[in-house]
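All values derive from a computational prediction rather than experimental measurement. A note on names: the letters A, B, ... follow the listed sequences, proteins ahead of strands, and every chain is numbered from 1.
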Protein chains: 2
Amino acid sequence: MATIYEVAALAGVSPATVSRVFNGNTVSPEKQRAVREAAAKLAFTPNKTARRLRKQSSEVVALLIPDIENPFFTALARGVEDKAQESGFSVVLCNTDDDPGKELRYLQIAASEQMAGVILAPASDEADLGAIASLGSPVVAVDRTTPYPVDAVKVDNRAAGIAATTALFDAGHRRIACIAGPVGIESTEDRFLGWRQVMTARRAAIPEGYLQHANFRADGGHAAMRHLLALPEPPEAVLTTNNLMGVGALQAVVEAGVDPARFGLAVVGELPFMFLTPPAVVQVRLPARHLGTTAATMLLERIGGDAQPPRTVVLRAELA
Amino acid sequence: MATIYEVAALAGVSPATVSRVFNGNTVSPEKQRAVREAAAKLAFTPNKTARRLRKQSSEVVALLIPDIENPFFTALARGVEDKAQESGFSVVLCNTDDDPGKELRYLQIAASEQMAGVILAPASDEADLGAIASLGSPVVAVDRTTPYPVDAVKVDNRAAGIAATTALFDAGHRRIACIAGPVGIESTEDRFLGWRQVMTARRAAIPEGYLQHANFRADGGHAAMRHLLALPEPPEAVLTTNNLMGVGALQAVVEAGVDPARFGLAVVGELPFMFLTPPAVVQVRLPARHLGTTAATMLLERIGGDAQPPRTVVLRAELA
DNA sequence: CTGAAAGCGCTAACAC
DNA sequence: GTGTTAGCGCTTTCAG
């Protein structure tokens, strides 16, 4: 790897001039050319590490999400990467598994690698953004918000819950249960509130046991659905507040020998590669990728020096 | 962010000693303690950038894959991240979209960021590993191999094709078509060869048009399947050589009003979240995550100085 | 076992 | 417009 000094020597200029050429500063056309030629000859690539040490910042952002294998976060990640890439940024992927410890460790790495910024789907309200924030690196929260005054991009979860539940009503169902995520997680809580709002507005009873709190994964949805189906008066329809629980719930329905197309299953989120026909599951599509691009855009603006007060942008989910 | 000098001053030692403490070198217990205390008090985290500049290497590896939204690569990525994380490495995610240009650009970034290594699912045989290799950074190819003498982890694709086709035979099908990926891609080519081998061995005819080459995505599989179904003598079963084409093919089957459970569809790869019952699609599970952990393990060994000649490890796929 | 000092490659004042 | 120079924070000889 050639250095700026070797290029300078070959081009007959000073290192500073080489640096200027590669940073778009004013340099006379002749020297400009000489430098470029020399650089080409030596296959010179500026050493980003040295630059980073000097400038105290890099073209790398961290993306902290619970699990890249959740299709929702996969799409989100893709959106982030696309946008970052466009602006010459790289993104380092961090699976937190919703573990505050892992999250914290990654946040520290982000700081010590002087990453330019962080996009974070907080594992908990306790996410300690203090360290990274005090460092001056911008943070944007995605999918979930945090108590810290940082930018955020989220979905209108309440509306999503309402849309899904309404669709179930419109399909003729009345005895509608809800499989919600763990208590205390904002996104799922809001979706559940949407469900309850519709139920109340439509004067539908909510029998004992119709609200299930499950873990956020497929096994949680599966167990909850089995439980619901075993009730003395089982529901005729169910809303799950995220995609993975929907997967588990659907599995339980199928296993129970119930025709999923007759049972009313609605999920907030997408079940990728669904082939049941006619569409047996009501899905409220979350704009996952768009969430990612939006978050990345905001982060890049902050990195670019934008200093307006923290914004929260809310994206709408869409029934489909 | 406190520096090593501030810690040194507070602890009453030299910067070198602080460095030694944080690098596990021999330091007397008392100074050891003094340094740790001072570091804790100042919330000191070693600056990785400075260390990297000095040591000419980092704890970051690049992962270049076609598309994180392909569940196969999602799982692979998860495996890589898990393993890397275990050893204190971060991974930067790069979607090449099978575009050699993008691939090259990322490879250059990897070099100029002095990343410790690269895990690459090569977009093409032309992947220019020269630059990165000459830099001394290890590379391991994953899923697909390359002409360069680097480590590789792949699947026994021929066996996977054989297993899938055999399963179709065993289910009673004889007129079996194959939707293969683009020509020239090793993995898909081997799977297709597995199909042909079984067809020949079993003396099954391969009518005109029963071999379709499609792009690697769902729309490719969809179009190919429509084409097959429109044949004067359509096949009674079809093998697709990757997951996404399988998705498209299944969609086409369903759209054509054919019961997928009666039609014989086999795919090399996994269709995540399949709920058709009874299992309507033969799937040959690819050990995607394992591919990732294996690749990461090999890469880390190389980074650790392992200098044995390049190895290729072949993982088996499993029918399920 | 420990300290002093010399860089790693680059950028940003500061002079000219 | 261009060169000189002083670091960015760390690791690593080299002495002691």
Colleague: Less than 3.5 Å between a donor and an acceptor, one on the side chain of B/Tyr5 and one on the base of D/dC8, is that the case here?
Modeller: no

Colleague: Please give, in whole Å, the distance from C/dC8 C1' to B/Leu53 CG?
Modeller: 4 Å

Colleague: D/dT2 C1' sits how many Å from A/Gln32 CD, rounded?
Modeller: 13 Å

Colleague: Report the distance from atom CD of B/Glu113 to atom C1' of C/dG9, rounded to the nearest whole Å.
Modeller: 14 Å

Colleague: Look at B/Arg217 together with B/Asp98 and state whether they make a salt bridge at an N to O cut-off of under 4.0 Å.
Modeller: no

Colleague: Would you confirm whether A/Thr188, through its side chain, and A/Gly181, through its main-chain N or O, come within 3.5 Å as a donor-acceptor pair?
Modeller: yes

Colleague: Starting from C1' on D/dT12, measure out to CZ on B/Arg52 and report it in whole angstrom.
Modeller: 19 Å

Colleague: Distance-only, no hydrogens or angles: does the A/Asp97 side chain make a donor-acceptor pair with backbone N or O of A/Asp99 under 3.5 Å?
Modeller: no

Colleague: With no hydrogens and no angle check, is any side-chain donor or acceptor of B/Glu103 less than 3.5 Å from a backbone partner on B/Ala123?
Modeller: yes

Colleague: Report the distance from atom CZ of B/Arg54 to atom C1' of D/dT13, rounded to the nearest whole Å.
Modeller: 8 Å

Colleague: Would you say A/Gln114 places a side-chain N or O within less than 4.0 Å of OP1 or OP2 belonging to D/dC8?
Modeller: no

Colleague: Hey, mind stepping through B/Gln114 and A/Thr49 against side chain to side chain donor-acceptor pair (under 3.5 Å) and telling me if it holds?
Modeller: CA-CA 7 Å; B/Gln114 26 242 159; A/Thr49 303; 2.6 Å; yes

Colleague: Distance check needed: D/dG7 C1' versus A/Gln56 CD, whole Å only.
Modeller: 11 Å

Colleague: Is any side-chain heavy atom of B/Asp306 closer than 4.5 Å to a side-chain heavy atom of B/Arg311?
Modeller: yes

Colleague: How many Å lie between NZ on A/Lys55 and C1' on C/dA13, as a whole number?
Modeller: 15 Å

Colleague: Under a 4.0 Å heavy-atom cut-off, which of residues 10-28 of chain A touch DNA chain C?
Modeller: A/Ala16, A/Ser19, A/Arg20, A/Asn23

Colleague: Under a 3.5 Å cutoff, is there a donor and acceptor pairing between the side chains of B/Thr145 and B/Glu186?
Modeller: yes

Colleague: In whole angstrom, give the distance that lies between atom CD1 of A/Ile4 and atom P of C/dT11.
Modeller: 5 Å

Colleague: Measuring to OP1 and OP2 of C/dG3, would you say a side-chain N or O of B/Lys31 lies under 4.0 angstrom away?
Modeller: yes

